[in-house]
Amino acid sequence: MEKELILSVKDVCSTYKMTGLAGRKKSVGVLDHVNFEIRSGQVFGLVGESGSGKSTLAKAILGMTDYTGEITHYSKRPQMVFQDPYSSLNPYMTIGRLLEEPLRIYGKYDKDEIDKRVRKTIVEVGLSEDMLSHKPAQLSGGQRQRVSIGAALITRPKFLILDEPVSALDVTIQAQILQLLADLRRELDLSYLFISHDLNIVYQLCDYVLVMKNGRVVEQASVQKLFENPQEEYTKQLLAASSFE
């Protein structure tokens, strides 16, 4: 039985304006007719070199940039977990307040429900309740990323965009955060779009892989198929540059 559709991206294109010689404006293509679907419980890896369009695609999915084509969400609007948790967390707020904020903005919960959900979420991401009174600077990088994941999950979306969520962490902490993401995926039936330059991590975490180059999808397949039998020369080059030769 086919799983429930979470996200559909159809024929999505995006451009930006840049100033050329003599001050003339010209349009530069960033996304070129991108198509894919994500279903319930799936983890889609998004890989490609810098400038391939990965971040623009994420912004288009979140409604943060203009595009043509169709992006259809079949669940609550996705939330984002960024690469650098320190810059994405307000340094003047306590952890408790940072977790409360999405619920207050959502405006659906009373004070008791907010408090209950904050305490449940801090435990879900592997932190203790006494950290709710701390500020981000008092936490380690791994702990701050756990808070960022909690803030993204507290309104209970079914789909997260993870933009290089472990690249700023050391290898030991990376493994812990990846295990947390795997556990949360299973426990909460989450789907992820996982943006990464590290193919080892993509192989470990993802079910499917989307390979982008110059704003186009050059190949997409299951992790097993793509890593064992890549079809496109660009994909082969990416694999050859990693430990997957």
Side-chain angles (χ1 to χ4, degrees), residues 1-14 29-62 67 69-74 78 80-81 83 158-167 169 171 174-175 177-186 189-245:
M1 183 177 178
E2 198 167 40
K3 292 186 175 181
E4 174 188 4
L5 197 59
I6 292 291
L7 174 74
S8 173
V9 175
K10 293 182 179 179
D11 207 29
V12 167
C13 300
S14 181
V30 186
L31 299 177
D32 184 6
H33 301 282
V34 175
N35 294 274
F36 67 97
E37 293 180 345
I38 297 179
R39 294 187 176 272
S40 176
Q42 290 181 342
V43 180
F44 247 75
L46 180 57
V47 302
E49 60 196 353
S50 296
S52 61
K54 302 188 302 296
S55 294
T56 302
L57 178 57
K59 289 178 182 178
I61 292 170
L62 290 166
Y67 64 88
E70 294 181 21
I71 296 177
T72 307
H73 297 274
Y74 295 90
M80 185 87 147
V81 177
Q83 177 179 355
K158 286 296 184 181
F159 176 40
L160 295 186
I161 297 176
L162 307 168
D163 187 5
E164 300 275 7
V166 296
S167 62
L169 307 173
V171 175
Q174 278 188 9
I177 297 298
L178 290 173
Q179 185 60 56
L180 172 65
L181 290 170
D183 291 343
L184 290 169
R185 172 198 180 187
R186 183 180 62 255
D189 190 26
L190 299 172
S191 303
Y192 299 144
L193 179 63
F194 187 86
I195 302 171
S196 181
H197 67 278
D198 191 326
L199 292 178
N200 292 283
I201 291 175
V202 169
Y203 186 79
Q204 177 184 341
L205 186 70
C206 300
D207 304 309
Y208 295 87
V209 187
L210 203 70
V211 182
M212 292 190 69
K213 181 182 181 182
N214 298 329
R216 295 179 59 249
V217 175
V218 297
E219 188 165 358
Q220 61 177 302
S222 69
V223 162
Q224 207 70 26
K225 181 177 179 182
L226 186 133
F227 277 73
E228 291 181 359
N229 187 28
Q231 299 298 301
E232 298 296 326
E233 186 60 34
Y234 179 67
T235 306
K236 293 175 184 177
Q237 292 171 5
L238 288 180
L239 292 171
S242 72
S243 60
F244 293 93
E245 299 188 9

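Checked against salt bridge (Lys or Arg N to Asp or Glu O under 4.0 Å), D163 has no partners two or more places apart in sequence or in another chain.
Put simply, the side chain of H73 gets close to the backbone of I61: a donor and an acceptor are under 3.5 Å apart. Q174 places a side-chain N or O within donor-acceptor distance of the main-chain N or O of V166, the cut-off being under 3.5 Å. S191 contributes a side-chain N or O that, together with a main-chain N or O of G41, makes up a donor-acceptor pair within less than 3.5 Å. Here the side chain of Y67 pairs no donor or acceptor atom with the backbone of L31 at under 3.5 angstrom.
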Full working for side chain to side chain contact (heavy atoms under 4.5 Å, CB included) between L239 and Y203: CA-CA 11 Å; L239 292 171; Y203 186 79; over 6 Å; no
Verdict with reasoning, M212 to V34, per side chain to side chain contact (heavy atoms under 4.5 Å, CB included): CA-CA 9 Å; M212 292 190 69; V34 175; 4.2 Å; yes
Chi angles and distances behind the side chain to side chain contact (heavy atoms under 4.5 Å, CB included) call for H33, D11: CA-CA 4 Å; H33 301 282; D11 207 29; 2.5 Å; yes
Residue pair S8, E70: steps toward the side chain to side chain contact (heavy atoms under 4.5 Å, CB included) verdict: CA-CA 8 Å; S8 173; E70 294 181 21; over 6 Å; no
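For the atom pair CD (E164) and CZ (F194), the distance works out to 7.5 Å, reported to the nearest 0.5 Å. In this structure, the separation between CD1 on I6 and CZ on F159 is 8.5 Å, given to the nearest 0.5 Å. Here L226 contributes atom CG and Y208 contributes atom OH; the two are 12.5 Å apart, rounded to the nearest 0.5 Å. Rounding to the nearest 0.5 Å gives a distance of 6.5 Å between CG of L190 and NZ of K158. Note that the CG atom of L162 and the CD1 atom of I177 stand 11.0 Å from one another [nearest 0.5 Å]. Note: L205 CG to Q179 CD = 9.5 Å, rounded to the nearest 0.5 Å.
A pairwise comparison of heavy atoms in V81 and P165 identifies CG1-CB, 4.3 Å as the closest pair. Looking at every heavy atom in both residues, Q220 comes nearest to F36 through OE1-CB, 3.7 Å. Taking each heavy atom of L199 and L238 in turn, the nearest pair found is CD1-O, 3.4 Å. Nearest heavy atom pair, residue D207 against residue Q42, reads OD2-CA, 3.4 Å. Here the shortest heavy-atom pairing between Q231 and E219 reads N-OE2, 2.8 Å. Closest non-hydrogen pair, K10 versus N35, comes out as CA-OD1, 3.3 Å.
Legend: salt bridge (charged side-chain N to carboxylate O under 4.0 Å, His left out) pairs involving residues 189-201, not counting sequence neighbours: none detected.
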Run the side-chain donor-acceptor check on residues 45-60: report pairs under 3.5 Å with partners two or more places apart or on a different chain.
unit_1	atom_1	unit_2	atom_2	d
S52	OG	E49	O	2.8
K54	NZ	G48	O	2.8
K54	NZ	E49	O	3.3

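Side chain to side chain, Q204 and N200 fail the donor-acceptor criterion of an N or O pair below 3.5 Å.
Annotation: side chain of V218 is in contact with side chain of R216 (closest heavy-atom distance under 4.5 Å). Side chains of V209 and F227 form a contact here, defined as non-hydrogen atoms less than 4.5 Å apart.
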